[in-house]
Amino acid sequence: MKIVFFGSSHFALPALEGLIKSGFNIVCVVTQPDKQKGRHLHISSTDVKTLADNAGLAVFQPQDINSDDSVRYLKATAADLFVIVAYGQILSEEVLELSKIMPINIHASLLPRYRGAAPINYALINGDKVTGVTIMKVSRKMDCGPVISQKELQINEEDTAISLERSLSQLGAELLLETLKNIKNVKLFPQDELKATLAPKLRKSDGLIDWEKSAGEIYDLVRGTLPWPGAFCYYKSKLLKIYSVEKFMLFNKKNFSCGEIAEILKDGIVVAVGKGAVIIKQMQIEGKRKMTAAEFIAGHKVNIGEIFLSKK
RNA sequence: CGCGGGGUGGAGCAGCCUGGUAGCUCGCAAGGCUCAUAACCUUGAGGUCAACGGUUCAAAUCCGUUCCCCGCAA
């Protein structure tokens, strides 16, 4: 069985690794082109490309996967199966039909819940206790194809989007290998459209902290938006990224307003919020590196009564 | 050469504009107080002020170059 693997981000790595280790015939790895990235616009390639190179696989990096050239290239591979994992481009129907058996995709949620680019983040931001991975047949509409297999995963209280992504990508890889055993005659289960929810790509502004919300909601925002955009607010007209907080539910609010510093501990800053309070443990002010609350307090003359804002 | 902030004892910062004795909070060490403490008081150690070059009687401070870190944008 000839497989063409499409993937670009971190999430795709365990799946590709699993396929390689299990000895599947990967005729080509398609990934996003090398791009100028970062502060000095250095050229960098995707992790998937690095892995494929190390395994000696053919790599294809089209600017536009749906162009005539790309279609010609993919057709020439005579692939039986397309495996698409966090690739970053939407494949046209013409491209999808180039695989003889079908194109399949690993999605990091229990579809039809959380269709879209950021399912892991939304599961955390919404405070879900359970999520999972889904393998489905790719259809024209994004994440709407019929489901082939699913696996659940409990979300821990300490999980962040980073740890959960790691767990789900592993789980997804396992499920992929299992599913491939019998891929030629699997059953397809159409998604229940009524239960569908969306998890669109995050924007920077999705990380902005609304201090009117409850301690639990803010905790979930902090862990759900890592590593990007990260939860943030403004302090003395500077962007302050919040990396880690603890919930403080039994907080006596008294006269503190939302976002106001209520107490300064040795290793944390207690901030009154809509319901309860949170203790900021790790943060990063604009222009500086990430630091613990203790370090931040030592250098910034933080006072009780100062307010973390949601605007500059 | 995308835009912007920064590099000062172990950590975090002030000082720089307007050159002239190295400062603050914390940590560390010793001593004191205390039934006791992450509390309080006293004392102390620890710095090529990122690097190189220039201006000057004199540079952390002004000028030039390089290296490194971070925020934004993509």
Side-chain angles (χ1 to χ4, degrees), chain A residues 6-12 30-50 61-67 86-90 116-118 121 160-162 165 199-211 218 221-246 248 250-251 259-271 277-312:
Chain A
F6 296 72
S8 296
S9 82
H10 239 74
F11 187 78
V30 183
T31 190
Q32 293 276 38
D34 297 348
K35 275 197 246 180
Q36 289 190 319
K37 280 181 95 176
R39 205 162 285 110
H40 301 293
L41 303 181
H42 289 308
I43 304 275
S44 72
S45 49
T46 65
D47 294 333
V48 169
K49 183 184 177 183
T50 311
Q61 299 178 279
Q63 200 69 48
D64 176 4
I65 191 63
N66 300 318
S67 69
Y87 171 53
Q89 290 192 42
I90 295 174
N121 305 95
T160 66
I162 298 169
E165 181 187 318
K201 189 171 170 178
L202 294 176
R203 290 159 300 161
K204 176 71 183 172
S205 57
D206 289 320
L208 185 64
I209 296 173
D210 176 359
W211 296 106
I218 291 172
L221 182 72
V222 169
R223 68 198 185 116
T225 53
L226 289 173
W228 192 91
F232 64 92
C233 60
Y234 293 95
Y235 176 66
K236 294 184 176 167
S237 298
K238 282 194 173 177
L239 185 101
L240 183 71
K241 215 164 154 179
I242 309 292
Y243 281 92
S244 154
V245 298
E246 279 173 18
F248 192 179
L250 300 174
F251 173 72
E260 186 171 354
I261 297 176
E263 200 177 337
I264 296 166
L265 307 175
K266 195 167 173 58
D267 62 347
I269 298 173
V270 180
V271 183
V278 295
I279 307 172
I280 300 176
K281 306 288 277 190
Q282 220 178 26
M283 65 246 283
Q284 178 171 30
I285 193 88
E286 187 179 322
K288 294 294 187 178
R289 61 175 180 77
K290 183 160 121 182
M291 58 181 84
T292 63
E295 290 173 318
F296 187 85
I297 292 162
H300 286 86
K301 301 192 165 56
V302 181
N303 294 310
I304 289 176
E306 284 180 330
I307 296 189
F308 290 121
L309 298 171
S310 295
K311 285 184 216 166
K312 222 163 199 178

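The figures here come from the full heavy-atom set of this structure, side chains too, leaving out hydrogens, waters and symmetry mates. Every chain is numbered from 1 and lettered A, B, ... according to where its sequence line falls, protein lines coming before strand lines.
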Which atom pair, heavy atoms only, marks the closest approach of A:Gly7 to A:Val48? O-CG1, 3.5 Å
Under the rule for ring pair (Phe, Tyr, Trp, His ring centres under 6.0 Å), what residues qualify as partners of A:Phe248, not counting sequence neighbours? A:Phe251
Going by the rule ring pair (Phe, Tyr, Trp, His ring centres under 6.0 Å), which residues pair with A:Phe6 if we only count those two or more places apart in sequence or in a different chain? A:Phe82, A:Tyr87
Are any protein N/O atoms closer than 3.5 Å to N/O atoms in nucleotides 9-12 of chain B? If there are, list each pair with its distance.
{"unit_1": "B:rA11", "atom_1": "O3'", "unit_2": "A:Arg289", "atom_2": "NH2", "d": "2.9"}
{"unit_1": "B:rA11", "atom_1": "O2'", "unit_2": "A:Glu295", "atom_2": "OE2", "d": "2.8"}
{"unit_1": "B:rG12", "atom_1": "OP1", "unit_2": "A:Arg289", "atom_2": "NE", "d": "3.0"}
{"unit_1": "B:rG12", "atom_1": "OP1", "unit_2": "A:Arg289", "atom_2": "NH2", "d": "2.5"}
{"unit_1": "B:rG12", "atom_1": "O2'", "unit_2": "A:Glu295", "atom_2": "O", "d": "3.1"}
{"unit_1": "B:rG12", "atom_1": "O2'", "unit_2": "A:Gly299", "atom_2": "N", "d": "3.2"}
{"unit_1": "B:rG12", "atom_1": "N2", "unit_2": "A:Ala298", "atom_2": "O", "d": "3.2"}

Interatomic distance at [atom1], [N] relative to [M], whole Å:
N	M	atom1	answer
B:rG15	B:rC49	C1'	11 Å
B:rU55	B:rC72	P	41 Å
B:rC69	B:rG23	C1'	24 Å
B:rC40	B:rG10	P	24 Å
B:rG4	B:rA38	P	48 Å
B:rC13	B:rU56	C1'	30 Å
B:rC16	B:rC52	P	24 Å
B:rA45	B:rA30	P	15 Å

Rounded to whole Å, how long is the line connecting atom [atom1] of [X] with atom [atom2] of [N]?
X	N	atom1	atom2	result
A:Met283	B:rG71	CE	P	15 Å
A:Ile269	B:rU25	CD1	P	18 Å
A:Leu265	B:rA39	CG	C1'	15 Å
A:Leu208	B:rC72	CG	P	13 Å

For [N], what is the paired nucleotide under Watson-Crick or G-U wobble rules, both distances under 3.5 Å?
N	result
B:rC3	B:rG71
B:rC52	B:rG64
B:rA45	none
B:rU25	B:rA11

5' precedence on RNA chain B between A:Lys266 and A:Glu286 (nearest-nucleotide basis): A:Lys266
Please compare A:Gly287 and A:Lys290 by the position of their nearest nucleotide in RNA chain B and report the one closer to 5'. A:Gly287
Using the test side-chain contact (heavy atoms from CB on, under 4.5 Å), find all partners of A:Lys49 that sit at least two apart in sequence or belong to another chain. A:Thr31, A:Asp34, A:Ser45, A:Thr46, A:Asp53, A:Val59, A:Gln61
Please enumerate all residues that pass side-chain contact (heavy atoms from CB on, under 4.5 Å) together with A:Ile307, with sequence neighbours excluded. A:Ser257, A:Glu260, A:Leu309
Any pair counted as side chain to side chain donor-acceptor pair (under 3.5 Å), so long as it reaches residues 293-303 of chain A, sequence neighbours left out: A:Thr292-A:Glu295
Do any pairs count as a salt bridge (Lys or Arg N to Asp or Glu O under 4.0 Å) and have a residue in residues 234-244 of chain A, sequence neighbours left out, and if so which ones? A:Lys236-A:Glu306
Pairs flagged by salt bridge (Lys or Arg N to Asp or Glu O under 4.0 Å) wherever residues 277-286 of chain A is involved - sequence neighbours left out: A:Glu246-A:Lys281, A:Asp267-A:Lys281
Is the shortest side-chain N/O distance from A:Gln284 to OP1 or OP2 of B:rG71 below 4.0 Å? yes
With A:Ile297, the side-chain contact (heavy atoms from CB on, under 4.5 Å) member among A:Leu265, A:Ile269, A:Ile280: A:Ile269
Within 45 degrees of the ring normal and closer than 6.0 Å to the centroid, is that where the cationic atom of A:Lys288 sits relative to A:Phe296? no
Can you list, in residue-number order, the parts of residues 227-240 of chain A that come under 4.0 Å of RNA chain B, counting heavy atoms only? A:Leu239
